[in-house]
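Right, one structure below, let's go through it.
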Amino acid sequence: VKKNGSTIRPVAGRGVSEHIQGVQQQESERAERQEQTYGTNMATPTLAGTRPWMERTRWEITYQGFRPDILWNLTEMSRTSLWVNHVLGPSSNPTDPERESPQSDKARIALLTVSTDHMLDRCEETMHHTCRTILCWLRSTKSQTCYPKEFTLVVLNSSKKKYRRLLKRFLAFIFRAYRMPVDVRRRLVGIRFKKE
């Protein structure tokens with residue numbers, strides 16, 4: 001609907017401007033609280049770090065009160081020399097040393113990522129030689145019936161690289177978290193492993 005030759009209508013009124021100022025003030029207060037709670041700038045937010053996704057996964061609630069910098073660094077693939085410890089985060093207590101993952105773990109994670117690539121290459125090769133019926137069954141959600149369409153690989157090479165990178169980061173996260181002392185792991189990042 002056009003009015004005076006324009007489809008954009010200015011929002012007028014004192015109540016509207018007060019509402020906008022209130023929302024901006026609430027957002028700046030929330031950002032300050034978050035900065036005080038976490039104390040570190042984790043990085044620029046990605047699409048995955050935006051509000052709707054964070055609300056749907058409830059990660060902010062699950063990991064509230066724990067160190068996000070250490071959680072992030074547990075997943076990070078190290079680009080430095082294998083002979084240097086991987087820094088997980090500064091100590092919250094000045095008398096404690098910096099939290100680090102030892103260089104021996106860094107070498108094991110490097111081997112683990114190479115093995116992951118070989119494993120996924122082998123899975124792709126196997127899939128290319130698997131009959132359609134089994135691929136349909138693989139995609140199905142029920143064990144008794146087949147899905148009408150077969151399971152397919154990711155088409156774009158860039159998507160394949162992203163999925164592989166995500167899997168490698170997850171494996172690094174699990175490995176480093178498992179290797180942390182139990183009391184430190186529970187206190188700093190809230191991760192507990194079951195013996196099962």
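Side-chain atoms are counted along with the backbone in the values below, which use heavy atoms only and exclude waters and symmetry mates.
The closest side-chain heavy-atom distance from Arg122 to Glu125 is below 4.5 Å. Counting only heavy atoms from C-beta outward, the side chains of Phe193 and Ile191 approach each other to under 4.5 Å. With a 4.5 Å cut-off on side-chain heavy atoms, Leu171 and Thr116 count as touching. At a threshold of 4.5 Å between non-hydrogen side-chain atoms, the residues Asn73 and Arg176 do not count as touching. Annotation: side chain of Asp105 is in contact with side chain of Phe175 (closest heavy-atom distance under 4.5 Å). Within the 4.5 Å cutoff, the side chain of Leu153 has no heavy atoms near those of the Lys160 side chain. Side-chain atoms of Arg192 and Arg186, non-hydrogen and from C-beta on, do get closer than 4.5 Å to each other.
Note on Met180: it clusters hydrophobically with Phe170, by side-chain heavy-atom contacts below 4.5 Å among ILVMFWY residues. Residues Tyr178 and Leu71 share a single hydrophobic cluster, defined by chaining ILVMFWY side chains whose heavy atoms lie under 4.5 Å apart. No chain of hydrophobic side-chain contacts below 4.5 Å, direct or via other Ile, Leu, Val, Met, Phe, Trp or Tyr residues, connects Tyr147 to Leu138.
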Using salt bridge (Lys or Arg N to Asp or Glu O under 4.0 Å), reason through Glu76 and Lys106 one step at a time and then give a plain yes or no. CA-CA 11 Å; Glu76 204 162 46; Lys106 194 187 270 189; over 6 Å; no
As a quick check of understanding, evaluate side chain to side chain contact (heavy atoms under 4.5 Å, CB included) for Met127 and Phe151, giving each step before the final call. CA-CA 9 Å; Met127 199 190 123; Phe151 177 83; 3.5 Å; yes
With side chain to side chain contact (heavy atoms under 4.5 Å, CB included) as the test, would you mind laying out the steps for Lys149 and Arg139 before giving the verdict? CA-CA 8 Å; Lys149 296 180 181 177; Arg139 188 170 179 187; 3.6 Å; yes
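A distance of 13.5 Å separates CZ of Arg108 from OG of Ser115, quoted to the nearest 0.5 Å. Annotation: the span from Arg179 atom CZ to Arg185 atom CZ amounts to 11.5 Å, rounded to 0.5 Å. How far OG1 of Thr75 is from CD1 of Ile174: 11.0 Å, rounded to the nearest 0.5 Å. With rounding to the nearest 0.5 angstrom, the NE2 atom of His129 is 12.5 Å from the CD atom of Glu124. Atom CG of Leu167 sits about 6.0 Å away from atom CE of Met119, to the nearest 0.5 Å. Rounding to the nearest 0.5 Å gives a distance of 9.0 Å between CG of Leu156 and NZ of Lys162.
For Arg169, the salt bridge (Lys or Arg N to Asp or Glu O under 4.0 Å) test picks out no residue, with sequence neighbours left out.
Taking the charged nitrogens against the carboxylate oxygens, Asp117 and Arg164 do have a contact shorter than 4.0 Å, which makes a salt bridge.
Judged purely by atom type and a 3.5 angstrom limit, Ser159 has no side-chain atom pairing as donor or acceptor with the backbone of Val154.
Annotation for Arg132 and Pro148: closest pair NH2-O, 3.0 Å, computed over non-hydrogen atoms. Contact detail for Val189 and Leu74: the closest heavy-atom pair is CG1-CD1, 4.3 Å. Taking every heavy atom of both residues into account, Cys136 and Cys146 meet most closely at CB-CB, 4.2 Å. Taking both residues in full, the closest heavy atoms of Ile109 and Ala172 are given as CG2-CB, 3.9 Å, listed atom of the first, atom of the second, then distance.
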